[in-house]
Amino acid sequence: HVFYQPQVSINRGQLVQAEALVRWRHPERGWVPPSAFIPFAEQTGRIRSLTDWLLNQVAEQVAAWRASGHPLTVSINVAIHDLEDPDFPRRVAAALRRHDAQAIDLCLEITEGGLMADPEQARTTLDTLHEAGHRLAIDDFGTGYCSLAYLPRLQVATLKLDRSFTQGLASNSATTAIVRSVIGLGHELGIRITAEGVETPEQQLWLTEAGCDRLQGYLFSRPLPP
Ligand code: C2E
Ligand code: CA
Ligand code: CA
């Protein structure tokens, strides 16, 4: 199943985007979280068919939302394996075509690990996806080893600040310094900042005052069926 978690803008709290998160309903074990099966799918190469299934589900859903007069950009998580696949942009395009969905309605989230595994191939893939009209985001930003020198060269619309930063805001002055710096850096480069894992009104207030652009977390909504 695909669940969708809203992202809200800091201005008026309106829904501006959503993240697609996969769930597996097992007949005996109930709802199995992605952390319990994505790593195995990655190790065994099955992640390719999972990503293709997800692309089709999301393409169908964004086309339906647009047709109903409520277009919404949805981001999907791209595995390292996908980013290394030169055929990935064609797989994305095929899913969109099948469901008559628009490129602008699909954002692709890449982790720093994915970027650094094969930087040359990753850049080629990302450039192709950007040219096709997709938005790109770097996920879990600040937890990996992405060289800052990469940022201006990638056509990234959004940095998603890892939830460990959001959750460290109250207790840790180094964290607040890092978060302020990331927001400043992003804005200097014309990149939007989305904070993940926002759970309390205090975090919302702090991030809003610090100039963060978008917020995602249980405070607003858990991931939900369409
Ligand atoms: P992620 O991309 O960082 O996704 C955000 C995770 O944080 C989701 O967990 C979401 O439910 C959780 N979350 C959202 N708001 C809050 C909050 O306020 N507090 C806390 N504590 N958690 C929050 P989920 O759905 O269990 O997904 C875990 C990870 O599994 C994702 O991390 C992503 O890396 C991966 N994943 C999920 N779906 C897919 C998929 O379709 N394909 C791939 N390749 N990976 C996926
Ligand atoms: Ca993500
Ligand atoms: Ca994340």
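We use all heavy atoms of the structure for the numbers below, so side chains are in, but hydrogens, waters and symmetry mates are not. Just so we're clear, the structure is a prediction, and the values are computed from it rather than from any experiment. Just so you know, ligand 1 is whichever comes first in the structure, and atom 1 is the first atom listed for that ligand. Each residue takes its place number in the sequence, starting with 1.
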Check Asp82 with Arg91, please: is the shortest side-chain N to carboxylate O separation under 4.0 Å?
yes

Relative to ligand 1, is Pro223 under 4.0 angstrom through side chain, backbone, both or neither, heavy atoms considered?
side chain

Identify the closest protein heavy atom to atom 9 (O) of ligand 1: which residue and atom is it, and at what distance?
Arg23 NH2, 4.6 Å

Using protein heavy atoms only, decide if any is under 4.0 Å from atom 34 (O) of ligand 1.
no

For Glu19, atoms of ligand 1 separated by under 4.0 Å from a heavy atom:
2 (O), 4 (O)

If we number the atoms of ligand 1 from 1 as shown, the ones under 4.0 Å from a heavy atom of Leu54 are 41 (O)

Atoms in ligand 1 flagged as close to Val198, the criterion being non-hydrogen separation under 4.0 Å:
18 (O)

In total, how many protein N/O/S atoms does one find closer than 3.0 Å to the Ca ion (ligand 2)?
4

Flag Val22 as yes when one of its N or O atoms lies below 3.5 Å from any N or O atom of ligand 1, and as no otherwise.
yes

Could you work out, for atom 6 (C) of ligand 1, the closest of Lys160, Glu196, Arg163 by heavy-atom distance?
Arg163

As a test of the contact definition, would atom 2 (O) of ligand 1 count as having a protein heavy-atom neighbour under 4.0 Å?
yes

Looking at Asp140, which atoms of ligand 1 are within less than 4.0 Å of one of its heavy atoms?
3 (O)

Regarding atom 18 (O) of ligand 1: of the candidates Phe3, Tyr218, Trp53, which has the closest heavy atom?
Tyr218

Below 4.0 angstrom from a heavy atom of Gln5, which ligand 1 atoms are there? Numbered from 1 as shown, please.
14 (C), 15 (N)

